[in-house]
Structure formats: C-alpha cells, structure tokens
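Read the structure below first, then the notes.
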Amino acid sequence: MKLFKIQVLALAFLLIPALSIAQSAITDACNWEDVKKDAKKSLKPYQYYAFKITKITFGQAVTEKEVEVPLFMDADYRFVFNTKGLPQEIQIQIYNKPKMHPDRKMIHETSSINDQFIFEPAKKDAKNRIYVNYVIPKSASDNIQKGCVLFYSGSKF
C-alpha cells in the first residue's frame, strides 16, 4: 500500500509540470472588454443592432470560420469589425450567400492590419442575410495562438 502511494505521488510530480508547460504553449490575446466601447461608438449615427465575438484559433493549418448575420430588408447597415484581440493578421471576407451556394458573390474583402474598420453594405447586397468569412492563417509561432474578432452591427430605417 505504501509503495502504491509513493508511485501515485511520483506520477503527480511528473504530470503537474507537464500540464503547466502544455498550458503555457497556448496564448490568448482576446481582451474584448477593453475595446467594446470604442467599437460601439463607431456605430453612430446607426442604432445598435447586434454584437458578436468570434473566437479565433491559429493552429497548424489555414482555416476558415463563417458567421451568418441576419438583416432586415429596407434598412441601411454599418458593420464595425475590431481586431485588436488578434495576435496576428487575418483576412475578412463578406459574401451575399453561404459558402456552398453556387451564386455566392464576394461583397467586400479586407485584412485585419488596422485594428478596426467599418463597412456599410449597399442595400442591393444586404437583402436578408450577409455572411462573414474569417480566413485564419496558420500560427506564426510554434505555439497555438488564440484571439477574437469583435463585430458590431448597426441599422437605420
């Protein structure tokens, strides 16, 4: 019985440092509370409509994440994208239809090189939904990196 306790303690001493090393290999740059107010101010004179935080993980391969944004017909929209919570640059693409639709058309494309940008889609492009694609490159470091994109939407009728 004593030998079993010693083996369990030895195993615990080996695993605890290994777990802390694994956790330190992941960094998260997302601090959305700090930038939330600035992004919301950029909606003016539009009325606040929606808010979404999209978690981004930079891994060992290029990935994409698509976000569907429902819209009202006959409204003007302003989208505010804040990317201060990202450890590296991504591409942001805005489409009129979902990924697998044959008539899909890109409406706008930009990178996250600036910390924040505003996009106002034309009414003809903003029917009842818009699709935002985040194109995420592989991690620039050996570690897994995490971050987030803050998205605000405002409308006026």
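As the structure is a prediction and not an experimental result, all values here were calculated from the model. Atoms considered below: every heavy atom in the structure, side chains included; atoms not considered: hydrogens, waters and symmetry mates. Counting from 1, the numbers follow the sequence of the chain as shown.
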For Tyr95, is the NZ or CZ atom of Lys105 found under 6.0 angstrom from the centre of its six-membered ring and inside 45 degrees of the ring axis? no

Would you please test Ile92 and Asn133 for side-chain contact (heavy atoms from CB on, under 4.5 Å) and show each step? CA-CA 6 Å; Ile92 300 170; Asn133 258 26; over 6 Å; no

Any donor and acceptor pair, going by atom type alone, linking the side chain of [X] with main-chain N or O of [Y] inside 3.5 Å?
X: Ser155; Y: Asp76; value: no
X: Arg78; Y: Ile118; value: no
X: Thr83; Y: Asn114; value: yes

Might you point out which heavy atoms bring Lys55 and Cys30 nearest each other, and give the distance in Å? NZ-SG, 3.9 Å

Asp125 and Asn96 have their tightest heavy-atom pair at O-CB, 4.3 Å

So, do Lys65 and Ile136 sit near enough that their side-chain heavy atoms are less than 4.5 Å apart? yes

Beyond-backbone contact of Pro137 with Ile90, side-chain heavy atoms, under 4.5 angstrom: yes

For side-chain contact (heavy atoms from CB on, under 4.5 Å), just list the numbers for Tyr77 and Ser153, CA-CA rounded to whole Å, side-chain angles, deciding distance to a tenth of an Å, and then say yes or no. CA-CA 7 Å; Tyr77 283 93; Ser153 175; 3.8 Å; yes

Pair [X]-[Y], side-chain donor/acceptor within less than 3.5 Å:
X: Thr57; Y: Gln145; answer: no
X: Tyr49; Y: Gln47; answer: no
X: Glu89; Y: Ser112; answer: no

Salt-bridge present (Lys97, Glu66; N to O < 4.0 Å): no

Using the side chain to side chain contact (heavy atoms under 4.5 Å, CB included) definition, which of the options Arg104, His108, Glu109 pairs with Met106? Glu109

Name of the residue among Val149, Ile53, Leu150 meeting side chain to side chain contact (heavy atoms under 4.5 Å, CB included) with Asn82: Leu150

Relative to the ring of Phe81, is the ring of Tyr134 parallel (under 30°), tilted (30 to 60°) or perpendicular (over 60°)? perpendicular

Using the ring of each side chain (for Trp, its six-membered ring), is Tyr152 parallel, tilted or perpendicular to Phe51, with breaks at 30° and 60°? tilted

My understanding is that only residues two or more places apart in sequence, or in another chain, count here; which of them pass salt bridge (charged side-chain N to carboxylate O under 4.0 Å, His left out) with Lys99? Glu64

Residues two or more places apart in sequence or in another chain: which of them pass ring pair (Phe, Tyr, Trp, His ring centres under 6.0 Å) with Phe58? none

